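These values consider heavy atoms only, across backbone and side chains, with no hydrogens, waters or symmetry-generated copies. None of the values given here were measured: they were computed from a predicted structure. Note that ligands are numbered from 1 as they come in the structure, with each ligand's atoms numbered from 1 the same way.
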Amino acid sequence: MAAVKYIFITGGVTSSLGKGIIAASLGKLLQARGYRVTIQKLDPYINVDAGTMNPYEHGECYVTEDGAETDLDLGHYERFLDITTSQANNVTTGKIYHTVITKERKGAYLGKTVQVVPHITDEIKHTIFALGEAGQYDFVIIEIGGSVGDIESLPFIEAIRQIRWHLAPADFLSIHLTLIPYLRAVQELKTKPTQHAVKQLQAAGIQPNVLICRTEKPLPPSIREKLSLFCNITPDAVIEAMDISTIYEVPLLMRQEKLDEQVLTQLHLPLTPAPDLASWKVFLNKLMHPQKTLRIGLIGKYTAIPDAYKSIQEALTHAGAYHDCQIDLQLISFEVLQEDNIVQSLAPLQAILIAPGFGTRGIEEKIRAIQYARETQLPLFGICLGMQCAVIEFARNVLGWQEAASTEQSPQTPYPVITLTDTQQDVVQKGGSMRLGEQSCQLTPGSKAAEIYGTTRISERHRHRYEFNNKYLKDFGNAGMVVTGTHPETGLVEIVELAEHPWFIGTQFHPEFKSTPLRPHPLFVSFLQAVKTLVH
Ligand code: GLN
C-alpha cells in the first residue's frame, strides 16, 4: 500500500461512548486483513501525561514499554492489536504546549507572534504525521479524547481540518461516534443530539464520512435515513453499535455491521481478503462459555471506580478465558478490612490480589489481608505496592520486626524493608520521574517464577519509586520469603515468593500491562491455575 491512511475518530453527544474500544476494534479488523495498524490518542487536557492524575480523575494510568505514563485507552489498543505502543501514541495538550513554548524560548519562532493557529496546530499535525512517516504502518487511527464542542479539543479538531487538505481524499477518513438515545416514554430513538453534534463538527470544517451510533435498540431504516439526510452521509455509512456484554465482541459486531468494508470502500481499498479472526473467535468462545467461576478479591484504594484497575481486570479475564473460567471479581476497598471483621470479609474469597498504589492510606488493611492469605494458604498475588506490603507483612509477623515499614509511609522506621534507592533520593520533580517502563529481570533457575515463565530471562514494565531493601535479603531468604527475580544490572528485587505456600508471589513490576487475549500473562495464568486446583 502506497501512502499511509489516516483515520480520525471523534465523539459527540456525551463522553464515555467507548471511542477507545471502537478505535481498537476497527484497528483489529484492518490488522486481521493483513494491514499494519497503530492507534494514537490525542488527549485535550493540559497535564503533560496521565502520570500525575489520580485514578478518580482519569482511571488507570497505563505504562508503555518505553515508560510513557498514558491514557488507559492505550491498554485497549495493545490488548486488541497485540502491538506495543510508545510515547508517540499518546499526545496531550500539555505535551504540545510544552514543545511549542520550549521552542519559542529557544528562538525557533523569532520575530513571530506564537499562536494556536498555526503554531499549536502545526505541532499537533507534526506529532500525528511523525507516527505515519516512520514507515511502519499502513493505517494510523487517531482517537480524539473528549466530545466535539469541548473548548479543550478545538485545536485538535482544527488540526484535523487542516490535515484533510494535506492528504489525498483516499488517505483521509473521519469517523464520528455518537449516541442515539432511546426515550422510553415515547418509545422512540432520537437523532436530534447527533444532528447537533455533527453540525458542530461541520461548523469546524469537518464532514464525518462514517457515523457510528451507540444505541440500546436496533436502528430502524427510518432512523438511518434521517441520520443520513441530516448529517450529510450515505445510509451505508451509518453504522449501528448496539450495547453488548463484552468489549472483546465489538470487533465482530463491527464486522457484522460492515464498518471495515465501509472504511475500505471509502479509502479505495479492496474488500478482499476477508479478515482472519479465527484466533480471536477461539478466545471469545472460551470467554463466553465458562465452565467455572473463580471468586477473586482485588484489594485497593480506588475500588469505587472500575477503570482504576483496568489492566489487572483484563489480565484476569484473559487468564480466566484460558482456563475456561469466568472471574467473579470482588473489588474490595481497604476501608472494610478492619481487625474485627477481616475473616468475615475475606472468607468468601478463593484468592486475593493486592493492587498497586501510592501513599499511606490502606497499607495496614492490605497487610492484614496478606497475613490472612499467608496463614490460611489462600493464593495471593501482590503487584507493586502489593508486593511491598507482602514484604512488610513478612518482616513484621514472621521475622518479628513489628516496626518494619516502607519509608514511603514511615520515613523513620528502624526496619526500612522497602526504601528509596540512591537514584530516587534526590528526585523532587513528580512528573515522569519514577522507575518507568520495561526492564529486564533475571529469574532464579528452579524457582516457581522460572517454572511459570518457562525461562530465566524476562522483561516487564515498571512504575514505582520504592524498592526492596537488599540489606535484608538474607534475613528474608532464611525465614522463607525468597527473592526469585532481580534486575540484572542493579540487583533490584523484582519478585518475591513464599516457599511454603501454594501460591504466594509478589512482583515489583506490573505484569498486567503485557497481558493480551491471545497471549494471557503467565503469572495470571498460573495464579488462576492455583485457584482452580485448590477450589475444585
Ligand atoms: N508507591 C509504591 C512506589 O512508588 C508502589 C507504586 C505502585 O504500586 N505502582 O514504589
| Would you call Glu335 and Lys301 a salt bridge, taking side-chain N to carboxylate O under 4.0 Å as the test? | no
| said: How far is atom 10 (O) of ligand 1 from the closest protein heavy atom, and which atom is that? | reply: Tyr466 N, 2.8 Å
| said: Considering both backbone and side-chain atoms of Gln508, is one of its nitrogen or oxygen atoms within less than 3.5 Å of a nitrogen or oxygen in ligand 1? | reply: no
| Any non-hydrogen atom of Gln388 lying under 4.0 Å from ligand 1? | yes
| field | Note: Arg519-Asp82 ion pair, threshold 4.0 Å (strictly below) | value | yes
| note | closest protein heavy atom to atom 4 (O) of ligand 1 is Arg465 N, 3.0 Å
| request: State which residue, out of His464, Glu460, Arg465, fulfils the side chain to side chain donor-acceptor pair (under 3.5 Å) condition with His462. | output: His464
| query | So is His510 close enough to ligand 1, meaning a heavy atom under 4.0 angstrom away? | reply | yes
| Sidechain N-carboxylate O distance under 4.0 Å for Glu438, Lys514 | yes
| ligand 1-proximal atoms of His464, by part, heavy-atom distance under 4.0 Å | both
| said: Salt bridge check, Arg396 against Glu364: does any charged N sit closer than 4.0 Å to a carboxylate O? | reply: yes
| field | Contacting atoms of ligand 1, where contact means under 4.0 angstrom from a heavy atom of Cys384 | value | 5 (C), 6 (C), 7 (C), 8 (O), 9 (N)
| request: Report the nearest protein non-hydrogen atom to atom 6 (C) of ligand 1: residue, atom name, distance rounded to 0.1 Å. | output: Gly357 O, 3.3 Å
| said: Strictly below 4.0 Å, N to O, side chains only: are Arg214 and Asp243 in salt-bridge contact? | reply: yes
| query | Taking only heavy atoms of Phe358, which atoms of ligand 1 are found under 4.0 Å from at least one of them? | reply | 1 (N), 4 (O), 6 (C), 7 (C), 9 (N)
| Ion pair Glu512/Lys310, N-O distance below 4.0 Å | no
| query | Side chain or backbone of Glu408 under 4.0 Å from ligand 1, or both, or neither, by non-hydrogen atoms? | reply | side chain
| query | When you check the gap from the basic side-chain N to the acidic O, do Lys430 and Glu69 get nearer than 4.0 Å? | reply | no
| message | Could you tell me, atom by atom, which parts of ligand 1 come under 4.0 Å of a heavy atom of Pro356? | response | 7 (C), 8 (O), 9 (N)
| Atoms in ligand 1 flagged as close to Arg463, the criterion being non-hydrogen separation under 4.0 Å | 6 (C), 7 (C), 9 (N)
